[in-house]
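Report on the structure given below.
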Protein chains: 2
Amino acid sequence: MGENGARAPSIRDVAQAAGVSTATVSRTLSNPDVVSEGTREAVFRAIRDTGYIVNVAARNLRKRETGAIAVLVPNIANPFFSRILSGIAEVMSEAGYNVLITDTTPMSLDDHRFPEYFSHNLTDGLIILDGMLNKDLLLNRGAPEVRAPMVFACEWIDEVPRPTVTVDNHEACGIAVRHLIDLGHRRIGHLGGPPDNVLSKHRMRGGREALHTNGLPHRRDWVYEGDFTLRSGAKIANQWLAQSDRPTAVYCASDEMAMGFIAELNRKGVRVPDEVSVLGFDDLEIAEHFVPPLTTVHQPRVAIGRAAARMLLERMNTDPRERVLGPVPRVVLPITLVERGSTAPPPSS
Amino acid sequence: MGENGARAPSIRDVAQAAGVSTATVSRTLSNPDVVSEGTREAVFRAIRDTGYIVNVAARNLRKRETGAIAVLVPNIANPFFSRILSGIAEVMSEAGYNVLITDTTPMSLDDHRFPEYFSHNLTDGLIILDGMLNKDLLLNRGAPEVRAPMVFACEWIDEVPRPTVTVDNHEACGIAVRHLIDLGHRRIGHLGGPPDNVLSKHRMRGGREALHTNGLPHRRDWVYEGDFTLRSGAKIANQWLAQSDRPTAVYCASDEMAMGFIAELNRKGVRVPDEVSVLGFDDLEIAEHFVPPLTTVHQPRVAIGRAAARMLLERMNTDPRERVLGPVPRVVLPITLVERGSTAPPPSS
DNA sequence: ACGAGGTATGTAATCGTTTACAAGATCCAA
DNA sequence: TTGGATCTTGTAAACGATTACATACCTCGT
């Protein structure tokens with residue numbers, strides 16, 4: 001690697017240039033008030049002259065903290081996460097922390113580099129948005145009280161008991177289904193996410209129970225397996241079209257699937273909501289601007305981010321022993337159904 | 001902070017448990033082949049038993065490299081960036097690097113924490129997707145040969161001479177406008193991005209020149225100022241509606257604006273492309289699934305990410321002196337127009 | 001004039017690794 | 001048996017900051 005003699009100026013160079021000790025330089029930087037005015041000026045001038053930037057690695061090593069947290073996102077391509085990240089960034093940067101985002105998808109690193117994230121010296125804490133991480137990696141890594149505290153948001157892993165911020169996915173889908181029933185639908189299907197995903201499971205079950213409660217059938221051939229993406233929504237549209245006996249309404253595990261579904265139907269000349277009602281989940285920015293505007297379950301995404309950040313902050317400030325022994329807080333944020341244009345009474349047929 | 005006696009096991013603990021020196025442990029980890037089989041096993045066992053995780057801060061300090069790069073994104077909420085990030089992550093993790101993403105929006109850090117990113121000890125390199133960063137912060141920070149190499153992608157800053165990966169925005173908008181002209185449009189408007197953004201400028205000018213070349217007017221009241229977002233597209237729709245003398249086609253500086261524009265018109269009962277043609281820019285995932293499917297300028301986003309990553313890798317491997325003295329490479333990737341359903345001949349009126 | 005109390009600075013240990021160098025062991029050819 | 005190679009391991013010096021502690025210098029009341 002391009003190693004040659006040149007080195008970035010260190011605190012020593014600054015000290016020398018300012019005619020003081022390194023301790024004084026350090027103090028000037030971290031606590032300007034304790035040094036005399038003359039010294040302070042000399043040090044700042046020396047910093048400017050030398051072009052000094054603190055060596056973060058050295059500081060982190062010595063202080064045993066980094067001033068940064070990491071967010072592990074399953075898929076940055078999913079616009080769902082962006083607002084959550086905003087919420088996190090907002091609270092965290094106010095608290096003086098840097099926020100580093102990592103996509104867990106390309107993590108072939110998994111076994112190698114991954115554990116280092118938990119080592120309390122790359123970051124001071126972790127917010128995990130990915131419920132599919134290897135749980136052994138998360139657990140079997142030495143005493144938890146010496147590891148960086150972590151909290152789950154949105155998704156979680158049942159076997160890993162950590163603080164969690166979620167919405168009531170179960171309840172949400174109950175509300176969604178009830179909305180469709182209120183519109184007069186009796187034949188209700190579901191576009192689900194990947195079957196091994198926690199959210200998929202809860203969303204599926206929530207709807208199923210609501211159907212049961214209302215004496216409606218939960219038909220196997222009316223639940224379609226997708227993966228939260230636009231593309232899978234479009235694919236399911238074709239499955240739906242191919243059926244002779246179809247639901248008149250579907251509720252989806254994500255807005256993207258709902259939109260992919262609608263777009264593909266549109267292309268095939270089937271109008272939403274005239275011929276079939278579609279109900280989304282997430283309330284992405286675009287949902288309101290889609291054609292037709294999407295009826296969907298609104299998740300308070302910024303609030304989720306903020307809550308997760310605040311919870312992490314709190315965990316980072318509690319004694320590790322207590323953190324391990326104490327209860328595991330869980331906060332559940334309220335969702336709301338926002339009715340727009342993609343749902344309507346079933347075709348009178 | 002929750003500091004108590006407990007400490008994560010260090011390499012010393014492992015060495016003791018395995019009955020070897022710390023040097024041997026270190027070697028076992030970084031280069032297993034040089035130690036004898038017995039030792040290797042003992043060390044690995046000790047690592048397992050103690051739950052040891054390497055202290056990244058200490059390693060970074062000593063090795064003077066971090067094995068990570070940072071990507072500075074202006075706004076993660078913008079789905080445009082996601083595929084670029086995938087491209088970057090792909091080649092970077094293959095090269096053994098971690099990718100850390102930071103949103104520059106909430107960077108009140110700006111003056112304080114920000115420069116540390118350039119200090120070659122938080123990351124080994126930088127990919128900057130934000131052309132609005134403070135250029136003084138980027139430049140006036142000591143000798144460039146001791147700072148982390150950086151490359152721009154998508155956006156850039158003229159005053160900061162660094163390698164760049166872009167598309168020909170100017171040309172792209174020429175093609176866009178020509179497409180509209182070919183369809184028969186003579187009254188062509190533009191939804192632009194923030195006026196101080198590099199991309200906005202180039203996209204605007206490219207279209208204007210094509211209009212000139214074809215003897216068509218570039219009317220001030222037909223260029224609308226937005227900020228790349230859905231919301232601004234919707235706002236502009238209302239401006240358009242309020243005009244008595246309107247363009248019959250608009251080309252937009254982003255897909256989001258195009259979609260916001262279309263959705264708002266739709267809500268007001270104006271159909272696209274029947275009454276007005278709309279041409280986007282970016283070719284987001286959703287563009288194809290929008291109703292109507294968006295005609296738009298396709299940016300090879302994954303390729304952009306890959307190219308930027310490869311370029312950074314190359315810069316990180318060239319001698320710092322040479323890097324500073326040598327030429328500044330620029331790669332321009334080809335764009336294509338993808339014709340879908342949001343453009344059509346003007347209303348016959 | 002003296003000591004207490006306060007302020008400003010310096011000295012030096014420390015954080016947990018990596019690695020140049022030295023040294024001990026083993027092996028084999030002469 | 002001896003003298004290199006070759007392998008394996010240990011010793012100890014970095015890396016560049018922070019901070020507990022010591023020290024020197026003032027100020028001021030008595």
Side-chain angles (χ1 to χ4, degrees), chain A residues 1 3 5-43 46-47 50-67 116 119-122 124 142 146, chain B residues 1 3 5-43 46-47 50-67 113 115-116 119-122 124 142 146:
Chain A
M1 316 289 150
E3 184 60 70
R7 268 200 199 170
S10 78
I11 198 171
R12 281 194 138 77
D13 302 311
V14 177
Q16 194 158 35
V20 299
S21 74
T22 62
T24 300
V25 176
S26 176
R27 275 188 290 254
T28 309
L29 247 27
S30 61
N31 199 359
D33 296 332
V34 309
V35 304
S36 73
E37 191 178 324
T39 309
R40 203 184 313 144
E41 278 171 13
V43 169
I47 289 178
T50 55
Y52 171 73
I53 299 177
V54 65
N55 183 317
V56 192
R59 177 198 287 174
N60 291 352
L61 173 58
R62 173 62 224 237
K63 296 185 78 172
R64 324 187 95 240
E65 66 181 41
T66 66
E116 299 172 3
S119 59
H120 223 323
N121 48 48
L122 187 49
D124 297 340
V146 300
Chain B
M1 312 291 154
E3 185 58 69
R7 266 198 201 172
S10 78
I11 199 171
R12 281 193 138 75
D13 302 311
V14 177
Q16 195 158 34
V20 298
S21 74
T22 61
T24 299
V25 176
S26 177
R27 275 188 291 254
T28 309
L29 247 27
S30 60
N31 198 358
D33 296 332
V34 309
V35 304
S36 73
E37 190 178 325
T39 310
R40 203 184 313 145
E41 277 171 14
V43 169
I47 289 177
T50 54
Y52 171 73
I53 300 177
V54 65
N55 183 319
V56 192
R59 175 197 289 174
N60 290 352
L61 173 58
R62 175 60 223 237
K63 295 185 77 172
R64 324 186 94 242
E65 68 180 42
T66 66
R113 196 104 63 167
E116 299 172 4
S119 59
H120 224 323
N121 48 48
L122 187 50
D124 297 341
V146 299

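Treat the numbers as computed from the prediction; the structure is a model and nothing was measured. First the proteins, then the strands, lettered A, B, ... as listed; each starts at 1.
Residue contacts shown for B:T39 are limited to sugar-phosphate atoms, with no base heavy atom under 4.0 Å away. Residue contacts shown for A:S26 include a base, since a base heavy atom lies under 4.0 Å away. Residue A:S21 is in base contact, counting any heavy-atom pair closer than 4.0 Å across all strands shown. Across all strands, B:V34 comes closer than 4.0 Å only to sugar-phosphate atoms, never to a base (heavy-atom distances).
Which of C:dT17, C:dT19, D:dT9 sits closest to the side chain of B:S36 comes down to D:dT9. Checking C:dC15, C:dT17, C:dG10 against every side-chain atom of B:R7, the shortest atom distance belongs to C:dC15. Considering only side-chain atoms of B:R12, the nucleotide from C:dT19, D:dA17, C:dT17 that sits closest is C:dT17.
With rounding to whole Å, B:L29 atom CG is found 12 Å from C:dT19 atom P. Between B:I11 atom CD1 and C:dT17 atom P there is a gap of 5 Å when expressed in whole angstrom units. As rounded to whole Å, 11 Å separates atom P of C:dA8 from atom CG of A:N31.
Contact of B:R27 with D:dG10 (side chain to base): a donor-acceptor pair of N or O atoms is detected under 3.5 Å. Interface remark: the A:R62 side chain does form a donor-acceptor pair with the D:dT18 base, using a distance-only criterion of under 3.5 Å.
To the nearest 0.5 Å, atoms CD1 (B:I11) and CG (B:L29) are separated by 7.0 Å.
The shortest heavy-atom contact between A:D13 and A:S10 is OD2-N, 2.7 Å.
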Table of protein N/O atoms under 3.5 Å from nucleotides 23-28 of chain D N/O atoms:
none

